[in-house]
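Some notes on the structure that comes next.
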Amino acid sequence: MNKGKVDVLLGLQWGDEGKGKVVDVLTPHYDVVARFQGGPNAGHTLEFEGQKYVLRSIPSGIFQGDKVNIIGNGVVLAPDLFMNEAKELAKSGHDLHGRLHISRKAHLIMPTHRLLDAAIEASKGKGKVGTTGKGIGPAYTDKVSRTGLRVGDLFDHFEERYAEHKARHEETLRQLGYTDYDLTEVEKTWMEGVEYLKQFTIVDSEHEINNLLRQGKSVLCEGAQGTMLDIDFGSYPFVTSSNTICAGACTGLGIGPNRIGEVYGIMKAYCTRVGAGPFPTELFDETGAEIRRIGHEYGAVTGRERRCGWIDLVALRYSIMVNGVTRLIMMKSDVLDSFKTIKACVAYRQNGKLIDYFPYDINQGIEPVYEELPGWMTPLSGLTSEEQFPEQFSAYIRFLEKQLETPITIISIGPDRAQTIVRQ
């Protein structure tokens, strides 16, 4: 019997690598696109046919009309934000009903989760993580402590369950001294979102995906955030609250690890980070500001300035290892077109000792060790094939492949889906 395949696509840095665009480009090769973790704090920006779209919870395969899109059990879903996102897409001619399936085991983000997010972050003082305030962490906390509300609960004594969870959250807020809030309007919109959500196809995503695989269908699993924000393997505690690595596709969708085929790892030609936390290659000078300006490095959801720096090959080697990456995809190469010199961090100096591995703690005492390469000083955005690459850019690619011991098979040279070069 022809059994289907599962490929996984995920970010290798601190998020914002351009996963949405790549999912959109790869979707024609798959029957199903499934999101396996994260919440509406993730913003996937896609541009094509002169339009720009920002997705938060909905899989990026939704623009390819004949594909099944699944929001898996590993996702946390805010009904009101989901409703707004889906309605915006419907306005632009992309009706999701019938094509978008939602796991009944996905957990719900309540309005009080957002209040808890703000209250807990405020209580940390200087130790703030820099969350988006969307309630992601508290929702995952409830999930792990076995007190969460799930999509499947919407159809069984939901009002009582909701009131019980809300009361528990409000007691915690009182203990934190966070009492100056009014949920009336937010809760009204949230409940509208609940009714809207119930109109969609609610499934046991683990059964649906495995049934599709038995039929020989192919699945592309889409992650949110990046590997360095993984709750276990990221730069803890400045991380997200879920497993962003390849293993998260198994737990976030109910797929056996023996089903995984290709693992696509996405990276920028440089590096960025949003929010607090360590960032060894961060640039605080005009070069960093120039990368931000040219690359339009602002959060898709929050609008926050992204911190910018040179590519970190120590962190990338680590990410490739824990994910089992088989193919690399390099984004935003064109942002570096005008730089005479490109730098790449090949090792760290920690407390005077040279190391080439990602250590337990990078919060202090880390100094990047760079290799310098000549820039290509040529616009890449109009190129249509690898043969047109300037030699210095080809040399940069060869250098990265040697350092990372993994082939770079797709290169993005602009935001549009057409500005994508697949290497032979």
Side-chain angles (χ1 to χ4, degrees), residues 11-18 21 43 45 47 52 126 128-130 132 226 228-229 235 238 266-316 319 330-350 354 362-383 389-397 399-400 403-404 408 411-416 419:
L12 298 182
Q13 295 161 314
W14 276 281
D16 309 307
E17 298 95 347
K21 172 187 169 175
T45 304
E47 292 184 34
K52 184 176 180 178
K126 290 182 179 178
K128 287 182 172 63
V129 173
T132 59
M228 301 313 299
L229 295 176
S235 51
F238 301 97
I266 308 181
M267 63 185 190
K268 284 175 178 167
Y270 50 97
C271 198
T272 63
R273 177 162 197 167
V274 173
F279 183 3
T281 64
E282 183 172 8
L283 294 168
F284 300 95
D285 57 9
E286 182 54 36
T287 301
E290 189 72 353
I291 291 174
R292 182 183 304 114
R293 184 187 66 78
I294 298 171
H296 308 291
E297 293 295 355
Y298 301 91
V301 171
T302 62
R304 289 185 293 181
E305 281 191 355
R306 292 178 186 146
R307 301 153 63 191
C308 296
W310 295 119
I311 197 166
D312 185 338
L313 302 182
V314 180
L316 277 173
S319 295
M330 186 162 71
M331 311 297 290
K332 289 199 162 183
S333 308
D334 54 301
V335 173
L336 301 182
D337 286 351
S338 59
F339 291 86
K340 289 181 181 178
T341 301
I342 311 290
K343 292 185 180 181
C345 171
V346 295
Y348 295 152
R349 188 170 283 108
Q350 186 176 43
L354 198 67
I362 64 163
N363 289 298
Q364 55 187 351
I366 290 285
E367 179 189 344
V369 177
Y370 289 111
E371 279 198 29
E372 295 188 1
L373 295 96
W376 41 95
M377 303 296 290
T378 305
L380 298 177
S381 58
L383 305 185
F389 287 169
E391 173 51 32
Q392 291 87 344
F393 182 52
S394 295
Y396 185 58
I397 295 168
F399 169 79
L400 294 178
Q403 286 281 328
L404 301 173
I408 298 173
I411 293 177
S412 175
I413 52 172
D416 194 277
Q419 293 174 301

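No side-chain heavy atom of Thr287 sits under 4.5 Å from any side-chain heavy atom of Lys343. Counting only heavy atoms from C-beta outward, the side chains of Gln403 and Leu316 never approach each other to under 4.5 Å. Taking 4.5 Å as the limit, every side-chain heavy atom of Phe393 sits out of range of all side-chain heavy atoms of Leu336. Side-chain contact check for Tyr396 versus Ile311: some heavy-atom pair is nearer than 4.5 Å. The shortest distance between side-chain heavy atoms of Phe279 and Cys271 falls below 4.5 Å. Side-chain contact between Pro390 and Leu380 is present, with heavy atoms from C-beta onward closer than 4.5 Å.
Looking only at distances, a side-chain donor or acceptor of Gln13 sits under 3.5 Å from a matching main-chain atom of Tyr270. A donor-acceptor pair is defined here as one N or O able to donate and one able to accept, closer than 3.5 Å; such a pair exists between the side chain of Glu17 and the backbone of Gly15. For Lys340 (side chain) and Met377 (main-chain N/O), no donor-acceptor pair under 3.5 Å exists by modelled atom type. The main-chain N or O of Trp310 is found under 3.5 Å from a side-chain atom of Thr281 such that the two form a donor-acceptor pair. A donor-acceptor contact shorter than 3.5 Å links the side chain of Lys21 to the backbone of Gly414. Side chain of Arg306 to backbone of Arg273: no donor-acceptor contact under 3.5 angstrom is found.
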Under the side chain to side chain contact (heavy atoms under 4.5 Å, CB included) rule, what do Val346 and Phe399 come out as? Steps first, then yes or no, please. CA-CA 11 Å; Val346 295; Phe399 169 79; 4.0 Å; yes
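Partners of Thr272 by side-chain hydrogen bond (donor to acceptor under 3.5 Å, both in side chains), not counting sequence neighbours, listed by chain and number: Lys268. Partners of Phe339 by ring pair (Phe, Tyr, Trp, His ring centres under 6.0 Å), not counting sequence neighbours: none found. In this structure, the salt bridge (Lys or Arg N to Asp or Glu O under 4.0 Å) partners of Glu305, at least two apart in sequence or on a different chain, are Arg292. Take Gln350 and apply the side-chain hydrogen bond (donor to acceptor under 3.5 Å, both in side chains) test, not counting sequence neighbours, and it matches no residue. Residues satisfying the side chain to side chain contact (heavy atoms under 4.5 Å, CB included) criterion with Pro280, sequence neighbours excluded, are Trp14, Asp312, Tyr348, Ile362, Ile366.
Sorted by first and then second residue, the side-chain hydrogen bond (donor to acceptor under 3.5 Å, both in side chains) pairs with a member in residues 372-382 read Asp337-Trp376; sequence neighbours excluded.
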